[in-house]
Peer 1: 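The structure is given below, and queries will be raised subsequently.
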Amino acid sequence: MSRFDPVDDQYEPRALEENVFEYWDAVDAYEQTTEHRADGERYFFVDGPPYTSGSAHMGTTWNKTLKDCYIRYLRMQGYDVTDRPGYDMHGLPIETKVEEKLGFENKKDIEEFGEQKFIDECKQFAEEQLEGLQEDFKSFGVWMDWDDPYKTVRPEYMEAAWWGFEKAHERGLVEQGKRSINQCPRCETAIANNEVEYHQVGKPSIYVKFPLREPSERASGEAASREGSLVIWTTTPWTIVANTFVAVDGDLKYVGVDAEKNGETERLYVAEACVEDVLKAGRYDDYEVVERLEGEEMVGWAYDHPLAEQVPDHAQAEGSQQVYTADYVEADRTGLVHSAPGHGEEDFERGQELDLEMFCPVGSDGVYTDVAGAYEGEFVRDANDEIIGDLDASGHLLSSEQGHSVREGQCWRCDTDIVRLVTDQWFITVTDIKDELLDNIEDSEWYPQEARDNRFRDFVEDSPDWNVSRQRYWGIPIPIWTPDSEASASNGGGEAAGGDGEWSGNMDDAIVVGTREELAERVDQAIDPERVDLHKGTVDELTITEDGTTYTRVGDVFDVWLDSSVATWGTMNFPEQESEFEELWPADLIIEAHDQTRGWFWSQLGMGTAALGDVPYEQVMMHGWALDSDGRKMSKSIGNIVEPGEAIERHGRDPMRLFLLSVTGQADDMKFSWEEMAEMQRRLNILWNVFRFPLPYMRMDEFDPDSVALTEAETELVDEWILSRLQSVEERMTEHFENFEQDKALDALLEFVVEDVSRFYVQVVRERMWAEDDSASKRTAYATLYRVLKETVALIAPFAPFVAEEIYGILTGEAGHDTVHMCDWPEPDTFWHDPALEGEVEVARAVEEAGSNARQQAERSLRWPITRVVVAADDAETAAAVESQRALLTERLNARELELVEPGQSWGELAYSAEADMSLLGPEFGDDAGRIMNALNEASVEEPTVEALEAAVEDALGDPVDLTEEMVEFVTQTPDDVTGVAFDVAGDEMGVAYIDAGLTEDIESEGYAREVIRRVQEMRKDLDLDLEARIRVDLDIDDDRVADLVADHEDLIAGEVRADEFGPVEDGHRREWDVDGIVMEIAVEAVPAVEASD
RNA sequence: GGGCCAAUAGCUCAGUCAGGUUGAGCGCUCGGCUGAUAACCGGGAGGUCACCGGUUCAAAUCCGGUUUGGCCCA
């Protein structure tokens, strides 16, 4: 494109954007821009890798758009910014999608299909998803290094995870341990709490009697024994198989009752508050309280396992089947809680404290193992009925119901109900370095900072050890090799390794491999470290033999959160490549949504601290979530999803980006709004119009921007003003960007474009550009507007890269960079920065606005001149501003003259009432303050003095009051024909503008003439006449006085409407008008153009 | 169930930290301009500041509670 080429009348975002895409491609705009900054200071931005399943939604679009905006800004600031995008490609969600695709039901299908083949399928699926995402990101106009993204499935990246894990191990922070986890029996893996989705299901509700041990058996242990039964309640009968103890609340009141049913009596122990309910559930006829005691007194009581017959191998290590206190007990149901440390999380934790056996008779598929005796081979939930039957048969069942509605967790991927199990897992023991984690938080700056100090800190303080193992296939294999037992137990099949008797559990006896190099050196097989794939299919085959012991890799893979936690060094291919790491680490900036507090912000802190002792990022910019227009989450089930593609289709990329970048501040959730997006399109349209307005004139006059040195030119006040405003906007935008408040930066810029450039500068400067003759004034106006536009497009480039490119190209032609994105960020130029002038014009604009307002109140339209405008200024500065802008104000308010009332003086034609300052009245008068305020509002005095007001208030209230100057602000009451409106600057009232709308013959004459002009113009438009066409006008005004007044201004009318003559019109366009009750009939017809020779 | 955050005009948001008669843009409406014209400009209406209670002369603002929504955790 060449300089000042004609452009479309309308801003058409989509067509423009398509063109710009082609242009970028043609000139290698991205490559040139990065190259342009190659020698700049390095800035290490790290992209949080999106998960490769599904396409880009509004949230990811928002996220990438923010990143793009900051990267572009930082480049303009001269930085050489790291912009390698990343993708998180491992994990269960992809496995389940592939399983679905292949029609698999469970792990056995995967084993039959073949682990390696399954991994290959997962890889292919993830790569396909990546392609789709990446195309989306590109289509939003995001500039990142799309040719070379980092992928968590590449060997060099997986190695980065191994390296970090090995470092943590060196610090002694890796251990194996048992934990109560959510197990999906279909996926046969642990799933994280936040991956559990809840729904309501009907379950059994049973009361069970646990028989206290008979006194005769006392010899077997030191535990106290008694008669009767403890009553417990549960909705999971299948966990009774694993019962290990019963929990009570030490401070709660319990009772022993003799309960009677069918003539038989038995002793039952329950919480006092629960007696009635329990006995009612058991349909007892009557009862008698025979014993009262506190929970504490029951500790140590022993009972028999109610399924001892069916499960002979039940938990029976020392301490089993006794009563203990626990803080999870409530006075609900029975006040006694059946506890199975092999299942429930709270049970597990209390069981560990008490050093009890972790008895879990259930396999990873939710099926009872051989230790479950009679129930072996049954799926746990399917065994509920049989267990209830067995309890009933042995007389242990007190009551049973079905269909009790409770919340049940489901696997998020496959909707299978989860079971809680205790299994062997691998941990990074972050609780051992909690103080260090909390210290390291301080080394990062968060925007907003409160998020770090509240939410993040709270979370880190409460976080448990990090379970990093998953019993799956598609992930980074955990690089731990353990010594084989003599029994040579198998580690295959995704089972957690290290079963009983296999390995001591002492990490000193295990081998943790940190790099591919090390792997190649230590394993028994010959492998090429350059080419080896680190996935499960490969590394599970590798063994290590040292000092006569053979080591086999444990079967598990890493939790997918560990993958991304090493992104700051993984993205630099560290440890394979070291130089970048040395130079850049830690990251300068990461940008993600607030859900990542618990996710990536945390996982990186944990891993960075465990491996390197530092937080791996210095600055965090946090944004929110994209919600629908009602503030609800976008979801498929509600059907309220807005696709980015639709937004682009309806409004274009730049308007969408402007919406995303401006709608909310840091960490706030976005409410999606089509209206706001449309508004952004309109704002860009104003920019477009401001830009294309001067083009025809510049072209016609062959304006050369390089020929005018603005600093030498005779700039007018309004030129200097707009240039000063530009400097102020640049200063503010830079400040906002430095605080990561791009929304405020954009607001400042758009306000400048709309309020200052469009609504003021262009309006004022138009006449200078219309002038046909060449003049210094015109050229200065060109040069000024040129400079404003050129810097404005640079300022908007990070936000709206497409339209900025288009405008920049046409403004600069061959003279500029190939792309606007190579420009430097405009820095304020002190030569032009003149805050005093900005203040003056601000005052003038406030006066003009108040004057217009007053005109409207007086119902005197701008067409009608007014005799005078009177401006009362509150201070010298305001008075000076009005004085210096006198000509501008008089013209824009269409006044014959402007009178200035200096501060301290009052305009003699006014009367006064007052407004109270409640911040002073309140403390002074207490309860009376409100009444005094009202009296002041209603007062009317001739002099603006406190004394006069005091008298008026005393009149109204009957009591004297003592007022001071500070308490009141005088309000003026104007004479007839005069309307006053106060004007304020930045919220502070600075004075009053009065319009005298009184009529004189002179004013009426011009006013009516202009009424005629406007109507003739409208009729010209009705006739669709050319701008240049000449006309004849026939005027018939039904009021002689008005007709005469209009006749006085015939020349004015003729000039404005291009009328050659006034006279009869036979069959022209004829209309009758009513001008404030005066009827005018106007006829218009075109006349042939006058010959040029005349 | 717990932590953090939000709720102000029809819509999107300021104002809340440091209490003093609630603001902007859009939309609506009325009007202006008629050499940016499917553009541009001005005026106006519109709010029990989610609800209940407390502190205070005075609360959108501080405190307690409730409701609704969001994220995270259980």
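Numbers restart at 1 for each chain; the letters A, B, ... are given by sequence-line order, proteins then strands. Both backbone and side-chain heavy atoms feed into the values below; hydrogens, waters and symmetry mates do not.
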Peer 1: For A:Thr664 and for A:Ala667, find the nucleotide of RNA chain B with the closest heavy atom, then tell me which residue's nucleotide is more 5'.
Peer 2: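 With A:Thr664 and A:Ala667 compared, the 5'-side residue is A:Ala667.
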Peer 1: Hey, does the side chain of A:Arg766 come within less than 4.0 Å of B:A36's phosphate (OP1/OP2), counting only N and O?
Peer 2: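 For B:A36, OP1/OP2 do have a side-chain N/O of A:Arg766 under 4.0 Å.
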Peer 1: Are A:Phe672 and A:Phe659 near enough that their ring centres are under 6.0 Å apart?
Peer 2: yes
Peer 1: Between B:C26, B:U12, B:A36, which one does the side chain of A:Ser673 approach most closely?
Peer 2: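 That would be B:U12.
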Peer 1: Is there a side-chain polar atom (N or O) of A:Arg455 under 4.0 Å from OP1 or OP2 of B:G3?
Peer 2: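 Answer no for this pair, as no side-chain N or O of A:Arg455 is under 4.0 Å from OP1 or OP2.
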Peer 1: For the rings on A:Phe456 and A:Trp602, is their centre-to-centre separation under 6.0 Å?
Peer 2: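 For A:Phe456 and A:Trp602, the ring centres are not under 6.0 Å apart.
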Peer 1: Find the distance A:Met670:CE to B:C71:C1' and express it as a whole number of Å.
Peer 2: 15 Å
Peer 1: Hey, does A:Glu676 reach any base, or is it just sugar-phosphate, or nothing, if we go heavy atoms under 4.0 Å?
Peer 2: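 Base, at least one base heavy atom under 4.0 Å.
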Peer 1: Looking only at the side chains, is there a donor atom on one of A:Asn454 and A:Arg457 sitting less than 3.5 Å from an acceptor on the other?
Peer 2: no
Peer 1: Measure the distance from CD on A:Glu675 to C1' on B:C26 and round it to the nearest whole Å.
Peer 2: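 Atom CD in A:Glu675 sits about 7 Å away from atom C1' in B:C26.
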Peer 1: Starting at atom CZ of A:Arg1015, determine the distance to atom C1' of B:G31, rounded to an integer number of angstrom.
Peer 2: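 Rounded to whole Å, this separation is 12 Å.
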Peer 1: Given that both distances must come in under 3.5 Å, which nucleotide forms a Watson-Crick or G-U wobble pair with B:G19?
Peer 2: none
Peer 1: Distance alone, cut at 3.5 Å: any donor-acceptor contact between the side chains of A:Arg420 and A:Asn182?
Peer 2: yes
Peer 1: Quick one: is A:Lys633 getting a side-chain N or O under 4.0 Å of the B:G70 phosphate, OP1 or OP2?
Peer 2: no
Peer 1: Output the single nucleotide from B:C72, B:G69, B:A36 whose closest atom is nearest the side chain of A:Arg632.
Peer 2: B:G69
Peer 1: Tell me the partner of B:A59, counting only Watson-Crick (N1-N3 plus N6-O4 or O6-N4) or G-U wobble (N1-O2 and O6-N3) with both under 3.5 Å; none if nothing fits.
Peer 2: none
Peer 1: Report yes or no: is the cationic atom of A:Arg650 (NZ for Lys, CZ for Arg) closer than 6.0 Å to the six-membered ring centre of A:Trp674, at no more than 45° off its axis?
Peer 2: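 Yes; both conditions hold, so A:Arg650 lies above the ring face of A:Trp674.
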Peer 1: Can you tell me if A:Glu330 has over 12 outside heavy atoms packed within less than 6.0 Å of its CD?
Peer 2: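 No - once you tally the heavy atoms of other residues, nucleotides and ligands closer than 6.0 Å, there are 12 at most.
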Peer 1: When you check the side-chain N and O atoms of A:Asp595 and A:Trp625, is any donor under 3.5 Å from an acceptor?
Peer 2: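 Yes.
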Peer 1: How would you label the contact of A:Gln763 with the nucleic acid (heavy atoms, under 4.0 Å): base, sugar-phosphate, or nothing?
Peer 2: base
Peer 1: Considering only B:C13, B:C73, B:C4, which nucleotide approaches the side chain of A:Lys671 most closely?
Peer 2: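 Out of B:C13, B:C73, B:C4, the nucleotide with an atom closest to A:Lys671's side chain is B:C13.
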Peer 1: Side chain of A:Asp458 only, heavy atoms from C-beta on: which candidate in B:C4, B:G35, B:G70 is closest?
Peer 2: B:C4
Peer 1: Once you round it to whole Å, what is the distance between C1' of B:C71 and CD of A:Glu450?
Peer 2: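 My rounded result for the distance is 16 Å.
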Peer 1: If we take the P atom in both B:C71 and B:C62, what is their distance in whole Å?
Peer 2: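 My reading of the P atoms in B:C71 and B:C62 gives 25 Å.
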Peer 1: When the C1' atoms of B:A24 and B:C49 are considered, how many whole Å apart are they?
Peer 2: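 It works out to 16 Å between them.
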Peer 1: A:Asn689 near the nucleic acid: base, sugar-phosphate alone, or nothing, with a heavy-atom cut-off under 4.0 Å?
Peer 2: base
Peer 1: Rounding to an integer number of Å, can you tell me how far A:Glu592 CD sits from B:C72 C1'?
Peer 2: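 Computing the A:Glu592:CD to B:C72:C1' distance gives 16 Å.
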Peer 1: When you compare B:G53 with B:U12, how far apart are their C1' atoms, in angstrom units rounded to a whole number?
Peer 2: 32 Å
Peer 1: Distance between the C1' atoms of B:C11 and B:G46, in whole angstroms?
Peer 2: 13 Å
Peer 1: Quick one: on RNA chain B, does A:Asn454 or A:Trp625 contact a more 5' nucleotide (nearest heavy atom)?
Peer 2: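 With A:Asn454 and A:Trp625 compared, the 5'-side residue is A:Asn454.
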Peer 1: Check whether any side-chain N or O of A:Arg682 sits under 4.0 Å from OP1 or OP2 of B:G27, and answer yes or no.
Peer 2: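 Result: yes.
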Peer 1: Is B:A24 paired to anything, Watson-Crick or G-U wobble with both distances less than 3.5 Å, and if yes, which nucleotide?
Peer 2: B:U12
Peer 1: Mind checking who B:U29 pairs with, Watson-Crick or G-U wobble, both distances under 3.5 Å?
Peer 2: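 Matched B:U29 with B:G43 under the 3.5 Å cut-off.
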Peer 1: Give one of base, sugar-phosphate or nothing for A:Asp462, where a contact means two heavy atoms less than 4.0 Å apart.
Peer 2: nothing
Peer 1: For nucleotides B:A58 and B:A45, find the distance between their C1' atoms and express it as a whole number of Å.
Peer 2: 29 Å
Peer 1: Looking at B:C4, which nucleotide sits across from it as a Watson-Crick or G-U wobble partner, both distances under 3.5 angstrom, or is there none?
Peer 2: B:G70
Peer 1: How far does the P atom of B:A59 sit from the matching atom of B:G19, given to the nearest Å?
Peer 2: 13 Å
Peer 1: In whole angstroms, how far is the P atom of B:A14 from the CG atom of A:Asp668?
Peer 2: 6 Å
Peer 1: Expressed in whole Å, how much space separates the C1' atoms belonging to B:C72 and B:G15?
Peer 2: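 Their C1' atoms lie roughly 29 Å apart.
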Peer 1: With respect to the side chain of A:Arg692, which nucleotide from B:C4, B:C13, B:A36 is positioned closest?
Peer 2: B:A36
Peer 1: Mind checking A:Ser758 for me? I need base, sugar-phosphate or nothing, with any heavy atom below 4.0 Å counting as a touch.
Peer 2: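 A:Ser758: base contact, heavy atoms under 4.0 Å.
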Peer 1: Indicate yes or no: at least one non-hydrogen side-chain atom of A:Val1084 is less than 4.5 angstrom from one of A:Ile1082.
Peer 2: yes
Peer 1: When the P atoms of B:C4 and B:G65 are considered, how many whole Å apart are they?
Peer 2: 11 Å
Peer 1: Rounded to whole angstrom units, what separation is found between the CZ atom of A:Phe760 and the C1' atom of B:C41?
Peer 2: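 Roughly 12 Å, once rounded to whole Å.
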Peer 1: Rounded to whole angstroms, how far apart are CD1 on A:Ile1013 and P on B:C33?
Peer 2: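 Going from A:Ile1013 (CD1) to B:C33 (P), I get 10 Å.
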Peer 1: Look through every strand shown and name the nucleotide pairing with B:U34 as Watson-Crick or G-U wobble, where both distances are under 3.5 Å.
Peer 2: none
